[in-house]
Amino acid sequence: MSTEQSHHSTISEKLQSAGEAAVSRETSDPFDGLDEDHGSPLAAQMMATERHRRALEEATFPKPPRTRVIAVSNQKGGVGKTTTSVNVAAALAKRGANVLVIDADPQGNASTALGVEHRSGTPSIYDVLLDDAPMHTVAQRCPDVDTLWCVPATIDLAGADIELVSVVRREFRLHDALKSLLEGPGKNLDYVFIDCPPSLGLLTLNAMVVASEVLIPIQCEYYALEGLTQLIKTVEMVRKHLNPGIHVSTIVLTMYDGRTNLAREVATEVRAHFPTQTLEQTVPRSVRVSEAPGFGQTVITHDPHSSGAVAYTAIARDIAVRGAAGSESK
């Protein structure tokens, strides 16, 4: 065993023994007995993550008074749209909310992460948009969380942007389908998250026409703000001409590494431009987050003790609390 492996084992053993000791001593903090002065940064980080997780377990996640429809959008690829969509949705569902994820990305990655069938030919969002299939007939329950559902995307959706051009009310196809769902079988839904494709085409436009909120994940790297101006302009255009109720409610900083100056500078710049929308909680780079879809799971169910799972649970609570506060102020 290498020195690094031995050191990591020692950390894990200390954490385990500390947790066991906490049960017998009934102390408020299970890590009181650990000596952090001579510990490694990794040990300190692991303990901080576990403390945060335990605090979130005791926290309340208020339900919204009405269904919140949130489009998760950014025309840049690889910024964490799908990862944010499925993990925030799973975290809210694990705390008792009824949540639907609509996979509007032809890649179908949200469907993969939620463990639902999305092979070609599977009833999907394509049938809803192009063939008027009722949304409840294509939705599938996530196998890991009873109160989480997914409307899957198949490869058939790849040509939908072109096919929708000649369709009547092309910008309102998703709006009409979701309205019917929320007035009928889906009337008890608390949240609907729409995972948008990395573009500003008709699929994204359909999502923005029906959504009341836009959640924008921003990667903490050099090109983070590039293209954001165009996205904001698109939201403003939709608000002016198609959906007066839409607004950018939340910005999430993803792939954050606090050890680098670049990440801190990007975070500072985003918060300077969007002080009220940008959440304090960031999403760290995490192997567990990346590997979870390979198991057909979100990181919330794959490894709930990981830093990524704790971060997304904290973000989910922030979103829930902000929504409750916003409804009270109206």
Side-chain angles (χ1 to χ4, degrees), residues 69-90 99-142 148-178 181 192-211 214-217 219 227 230-231 234-235 238 242 254 289-290 292-298:
V69 183
I70 304 173
V72 184
S73 180
N74 191 329
Q75 73 268 34
K76 285 182 63 62
V79 299
K81 285 189 303 296
T82 297
T83 302
T84 298
S85 299
V86 298
N87 285 298
V88 171
V99 187
L100 172 67
V101 175
I102 298 175
D103 190 353
D105 187 344
Q107 297 177 83
N109 291 334
S111 306
T112 298
L114 295 176
V116 300
E117 183 62 62
H118 63 107
R119 289 179 295 182
S120 180
T122 302
S124 67
I125 190 63
Y126 176 88
D127 301 280
V128 173
L129 295 174
L130 275 304
D131 296 329
D132 295 316
M135 194 172 287
H136 72 274
T137 64
V138 305
Q140 301 179 42
R141 189 189 297 269
C142 174
L148 178 59
W149 291 265
C150 176
V151 173
T154 65
I155 193 62
D156 302 326
L157 195 62
D161 261 331
I162 298 173
E163 294 179 68
L164 281 169
V165 170
S166 59
V167 175
V168 176
R169 287 176 59 82
R170 61 187 184 186
E171 301 94 346
F172 291 86
R173 302 293 289 180
L174 186 58
H175 171 277
D176 296 345
L178 187 57
L181 177 72
V192 176
F193 288 91
I194 308 172
D195 183 33
C196 299
S199 69
L200 296 177
L202 277 172
L203 290 174
T204 298
L205 189 58
N206 264 266
M208 289 189 180
V209 166
V210 70
V214 179
L215 186 160
I216 305 175
Q219 186 178 6
Q230 183 59 45
L231 178 57
T234 300
V235 174
V238 171
L242 299 169
T254 64
V289 171
S290 301
F295 295 88
Q297 291 184 303
T298 65

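The basis for the numbers below is simple: all heavy atoms, side chains too, and nothing from hydrogens, waters or symmetry mates.
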First locate atom [atom1] of [X], then atom [atom2] of [Y], and finally report the distance between them rounded to the nearest 0.5 Å.
| X | Y | atom1 | atom2 | value |
| --- | --- | --- | --- | --- |
| Thr112 | Gln107 | OG1 | CD | 10.0 Å |
| Leu100 | His136 | CG | NE2 | 12.5 Å |
| Gln75 | Thr234 | CD | OG1 | 7.0 Å |
| Asp127 | Thr122 | CG | OG1 | 9.5 Å |
| Asn206 | Glu171 | CG | CD | 7.5 Å |
| Ile102 | Ile70 | CD1 | CD1 | 12.0 Å |

What are the two closest non-hydrogen atoms of [X] and [Y], and how far apart are they?
| X | Y | result |
| --- | --- | --- |
| Val99 | Ala89 | CG1-CB, 3.7 Å |
| Leu231 | Asn74 | CD2-CA, 3.9 Å |
| Met208 | Ser73 | CE-OG, 3.8 Å |
| Val86 | Thr298 | O-CG2, 3.7 Å |
| Leu200 | Gln230 | CD1-CG, 3.8 Å |
| Ser124 | Pro152 | CB-O, 3.2 Å |

- Message: Determine whether Leu130 and Asp156 satisfy the following criterion, side chain to side chain contact (heavy atoms under 4.5 Å, CB included), listing intermediate values before the conclusion.
- Response: CA-CA 11 Å; Leu130 275 304; Asp156 302 326; over 6 Å; no

- Task: Carefully, step by step, assess Asp103 and Leu157 under the rule side chain to side chain contact (heavy atoms under 4.5 Å, CB included).
- Result: CA-CA 10 Å; Asp103 190 353; Leu157 195 62; over 6 Å; no

Report yes or no: does [X] contribute a side-chain atom to a donor-acceptor pair with the main-chain N or O of [Y] at less than 3.5 Å?
| X | Y | result |
| --- | --- | --- |
| Asp105 | Asp195 | no |
| Lys81 | Cys196 | no |
| Thr204 | Ser199 | yes |
| Thr154 | Gly121 | no |
| Arg170 | Leu164 | no |
| Ser111 | Ala153 | yes |
| Asp131 | Ala133 | no |
| Gln140 | Glu117 | yes |

- Message: Assess the residue pair Arg173 and Val128 against the criterion (side chain to side chain contact (heavy atoms under 4.5 Å, CB included)); give the C-alpha distance rounded to whole Å, side-chain angles, the decisive distance to 0.1 Å, and a yes or no.
- Response: CA-CA 8 Å; Arg173 302 293 289 180; Val128 173; over 6 Å; no

Residue pair [X] / [Y], side-chain heavy-atom distance below 4.5 Å:
| X | Y | result |
| --- | --- | --- |
| Phe172 | Leu242 | yes |
| Val138 | Ile125 | no |
| Ile194 | Val210 | yes |
| Thr83 | Thr254 | no |

- Message: Evaluate Leu129 against Leu203 for side chain to side chain contact (heavy atoms under 4.5 Å, CB included), listing each step before the verdict.
- Response: CA-CA 9 Å; Leu129 295 174; Leu203 290 174; 3.6 Å; yes

